[in-house]
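Step one of this worksheet: look at the structure below.
So you know, we letter chains A, B, ... as the sequences are listed, proteins then strands, and number each from 1.
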Amino acid sequence: MSEEKNLNFLEEIIEADLKSGKYKSILTRFPPEPNGYLHIGHAKSICLNFGLAKKYGGKTNLRFDDTNPVTEDTEYVDSIQEDVKWLGFEWNNLLYASDYFEQLYAFAVQLIEKGLAYVDDSTAEEIAQQKGTPTQAGTRNGFANRTIAENLALFADMRAGKYADGEKVLRAKIDMASSNMHLRDPLLYRIKHAHHHRTGNAWCIYPMYDFAHGQSDSIENITHSICTLEFIPHRPLYDWCIEQLGIFPSHQYEFARLNMTYTVMSKRKLLQLVNEGHVKSWDDPRMPAIAAMRRRGYTAASIREFCDKIGVAKRENLIDLGLLEFCVREDLNKTALRRMVVFDPIKVVITNYTKDEEILFSENNPEDENGGNREVPFSSEIYIEKEDFMEVPPKKYFRLAPGQMVRLKSAYIIKCDEVVKDDAGNITELRCTYIPESKSGSDTSGIHVKGTLHWVSVKHAITAEARLYDRLFTEENVADAEGDFKNYINPNSLQVIDAVYAEPSLVQAKFDERYQFIRKGYFCLDKDSSGRIVFNRTVTLKDGWAKEAKKA
RNA sequence: UGUUCCAUGGUGUAACGGUAGCACUACUGAUUUUGGUUCAGUUAGUUAAGGUUCGAAUCCUUAUGGAACAACCA
């Protein structure tokens, strides 16, 4: 067995580092800010960080980047942990940037003592103005000339709460003329008299991302700190801090974040959809949030497979939603229990069926030899889908039509004899005859039909609510579309059917089971099911006939 | 107008100077008691121009195109 070793660029770096002896083992981290729910884009990062560590015998820390108390909340801390676990990963240590606040403060003092940081009394506007522009150098103000002793005292006073929010900041003293804006005396600490979800009111100054992230990596001895492309310009600052402090040299590497068609991936936009009621909650099954996908019926395995298939590189990408759907179908096809459910019924009366009822058997999953069978009751009155009958069928229509025969799945072949209509001309009932010797499993009729329909016995059917989801947006590339992204929300992203007719075995539907409603799609029980049954459609089945019909 | 990053079929991703491959999509056909699945096949690609080389997707140069960078956010 010779394995092809198509490595992505991060795997190449890691293998080189391991081979050269730079590291004996690797340590990565997944560093979410607890200010929102995790989404499929985070899943890519999670699979990457945990996956890389797993592949190379290393470990991964889960570290909450909680340096901005006003936006963060324990609700998110909890949901993030749940989602990472659900995706199937185990972290080495559960950590918080806030664990390091004391250490980070000491680091800041160290920079001040080296003359590399100063307290600035300027307003946010002044600082922004003095920063210059990408093409114009910034200018340094007089506060940069404060003495070390003065800065030390002022910084201590900042911590002690002597100043109001915004009154002073601590800045690194680097280079106001740098072509890299992040090196133009970046802010290190700001004053926020705010309650922090973990440290409470112990602090009124909080480190900025750039002063917290790299040092946190370093404290934990993270070897490979993997983040998204937009942090590339931060890397020189990341390295500068570590070098000036003389601490463990973690290294930052950047990859392209996931973008997907027909959805948005920014926490800000997703939060907006929730807050403005365009969706019901973060776990509304239309959302790309992990919690939402879980509720919708996506399996963790299918999401991991998706993340594996999309690969990792440095170029911007827009992944086809179809690939995600392919991954769930592939997984669910092997595992989902087959059931029959009629969504939009039309009654079929089998005129020559004289028995009251009989029990038939149908396989739970044709892909699984050991999947077993279930009982399905049959009687003289059944429902089939309206769309499975046409009075005037087009060519290649293999379903029911006057004089045409079809197989009822796991039951008999029937032939349509008569179409019954009401006064308005609507079809109310189809009258058919069945072929007694065509019974599934013991068919001696010798008749071959092309179409097989799902059905349910009228008197045995149970009803349930079905929620059918479609893409959340109408535009393929939402981020690139003109104007407000909310203009492109798909008004038909949710279709609720109050009553679909299901075979009786589904009264026992369980939350952890996945179902394939034959010819309809993959479904799972929604958490709203209590006192009633609610099914979410995870994804449709591929529909070859829809394409065929479109051509005509 | 500065700096940085990127450029391979419709989409995504390989090929590490030596036959441009894989997956999804699309399209054919076969099988099928799900118009599902499965199987077989087809279409389709190196941004451009120069150079280096026996040989370039790969190295160099220039151009073109795209993206990122100025928040007391991360």
Side-chain angles (χ1 to χ4, degrees), chain A residues 4-8 12 31-33 35 65-68 70-72 97 120 122-124 127-138 165-171 178-182 184 187-192 205-206 208-210 212-213 227 229-236 254 256 261 267-268 309-320 322-327 329-330 333-334 338 340 362-363 366-367 396-399 406-411 413 438 440-441 443 448-454 516-521 540-549:
Chain A
E4 277 291 333
K5 58 165 198 164
N6 296 337
L7 303 176
N8 65 47
E12 283 181 357
E33 183 188 12
N35 67 346
D65 226 334
D66 55 350
T67 58
N68 185 2
V70 302
T71 58
E72 295 155 9
D120 192 331
S122 308
T123 64
I127 288 177
Q129 209 147 50
Q130 291 158 7
K131 276 238 156 124
T133 69
T135 53
Q136 272 179 300
D165 289 9
E167 222 179 305
K168 287 183 166 47
V169 292
L170 182 74
R171 300 177 72 175
S178 172
S179 57
N180 183 334
M181 299 293 289
H182 296 273
R184 323 248 262 227
L187 271 64
L188 267 22
Y189 268 89
R190 78 286 217 194
I191 299 169
K192 274 181 196 282
I205 57 171
Y206 293 92
M208 298 288 291
Y209 166 85
D210 285 305
H213 200 98
C227 61
L229 255 30
E230 65 268 30
F231 290 97
I232 289 176
H234 294 250
R235 188 173 357 115
E254 311 86 9
T261 56
K267 276 197 223 171
R268 200 196 94 244
K309 275 185 159 50
I310 59 178
V312 181
K314 296 189 77 161
R315 69 186 92 110
E316 303 280 345
N317 58 79
L318 182 63
I319 306 283
D320 190 341
L323 184 61
L324 217 208
E325 297 187 335
F326 168 82
C327 291
R329 289 194 186 107
E330 189 184 40
N333 176 51
K334 288 181 290 196
R338 310 296 135 117
M340 292 198 283
S362 191
E363 71 272 23
E367 308 295 317
K396 293 206 269 184
Y397 185 78
F398 306 146
R399 305 178 189 181
V406 292
R407 154 80 56 188
L408 294 175
K409 172 72 182 172
S410 298
I413 291 173
S438 67
S440 208
D443 184 349
H448 287 285
V449 293
K450 278 203 168 146
T452 300
L453 308 185
H454 62 282
Q516 183 199 98
F517 294 172
I518 291 178
R519 304 206 305 139
K520 293 307 261 181
T540 60
L541 254 28
K542 258 173 70 181
D543 190 350
W545 171 245
K547 276 181 214 160
E548 190 66 35

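- Taking atom CG of A/L229 as the reference point, atom P of B/G66 lies 17 Å away to the nearest angstrom.
- Set against B/U34, B/A74, B/A7, the side chain of A/R315 has B/A7 as its closest nucleotide.
- Separation of the C1' atoms belonging to B/C24 and B/G45 is 16 Å when rounded to the nearest angstrom.
- Comparing A/A313 and A/S179 by the nucleotide of RNA chain B whose heavy atom lies nearest to each, the residue mapping closer to the 5' end is A/S179.
- For a distance-only test at 3.5 Å, the side chain of A/R407 qualifies as a donor-acceptor partner of the base of B/U33.
- Checked by distance alone, A/Q516 brings a side-chain donor or acceptor within 3.5 Å of a matching partner on the base of B/U34.
- Picking from B/C72, B/G12, B/C24 the nucleotide with the shortest atom distance to the side chain of A/L318 gives B/G12.
- Comparing B/G9 with B/A48, their P atoms sit 10 Å apart, to the nearest whole Å.
- Summarising the geometry, the separation between CG on A/N6 and P on B/G12 is reported as 18 Å, rounded to the nearest angstrom.
- Contacts of A/P366 with the nucleic acid, taken as non-hydrogen atoms under 4.0 Å apart, include base atoms.
- Comparing the same atom, C1', in B/U8 and in B/G41 gives a spacing of 24 Å after rounding to whole Å.
- In this structure, A/F231 and A/Y209 have tilted ring planes: the angle between them lies in the 30° to 60° band.
- Contacts of A/F231 with the nucleic acid, taken as non-hydrogen atoms under 4.0 Å apart, include base atoms.
- Atom P of nucleotide B/C22 and atom CD1 of A/I310 are separated by 21 Å, given to the nearest angstrom.
- In the set B/A74, B/G35, B/U25, B/U25 carries the atom at the smallest distance from any side-chain atom of A/F326.
- Atom CD of A/E254 is separated from atom P of B/C69 by 14 Å (rounded to the nearest Å).
- Taking atom P on both B/U11 and B/U32, the two are 37 Å apart, rounded to the nearest angstrom.
- One can place NZ of A/K314 at 18 Å from P of B/A67, the figure rounded to the nearest angstrom.
- Minimum atom distance to the side chain of A/R338 is reached by B/U34, of the listed B/A74, B/U1, B/U34.
- Among the protein residues, A/R184 comes within range of no part of the nucleic acid, since none of its heavy atoms lies under 4.0 Å from any strand.
- Taking atom C1' in both B/C69 and B/U13, the straight-line distance is 28 Å, to the nearest Å.
- Look at the C1' atom in both B/G51 and B/U58: the space between them is 15 Å, to the nearest Å.
- In this structure, A/G451 reaches neither bases nor backbone, as no heavy-atom distance under 4.0 Å exists between it and the strands shown.
- Scanning atom types as modelled, no donor and acceptor separated by under 3.5 angstrom connect the side chain of A/R329 and the base of B/G36.
- Across all strands, A/V70 comes closer than 4.0 Å to no nucleic acid atom at all (heavy-atom distances).
- Mapping A/N8 and A/P233 onto RNA chain B via the closest heavy atom, the residue that lands nearer the 5' end is A/N8.
- Closest contact between the side chain of A/Y209 and the listed nucleotides B/U13, B/A74, B/G2 involves B/A74.
- Atom CG of A/N333 and atom C1' of B/U38 are 9 Å apart (whole Å).
- For the C1' atoms, the distance from B/U25 to B/G10 is 7 Å, rounded to whole Å.
- Contact annotation for A/Y397: base contact, defined as any heavy-atom pair under 4.0 Å involving a base atom.
- Across all strands shown, A/T540 has no heavy atoms under 4.0 Å from either base or sugar-phosphate atoms.
- The separation of B/G66 from B/U47, taken at their C1' atoms, amounts to 11 Å, rounded to a whole angstrom.
- A side-chain donor-acceptor contact under 3.5 Å links A/S122 and A/D120.
- Between the side chain of A/T452 and the base of B/U34, no donor-acceptor pair of N or O atoms lies under 3.5 Å.
- A 4.5 Å side-chain heavy-atom check between A/K520 and A/H454 finds at least one atom pair inside the cut-off.
- The side chain of A/I518 sits closest to B/U34 out of B/U13, B/U34, B/A70.
- You'll find that the side chain of A/L323 is closest to B/C24, out of B/C24, B/G12, B/U13.
- At the heavy-atom level, A/K309 lies under 4.0 Å from the strands shown only through sugar-phosphate atoms.
- Atom CG of A/D320 is separated from atom P of B/G9 by 15 Å (rounded to the nearest Å).
- Looking at A/E367, its side chain comes within 3.5 Å of the base of B/G36 through a donor and an acceptor atom.
- Judged by atom type and distance alone, A/H234 reaches the base of B/A74 through a side-chain donor-acceptor pair under 3.5 Å.
- Distance, A/L453 CG to B/U33 P: 14 Å, rounded to whole Å.
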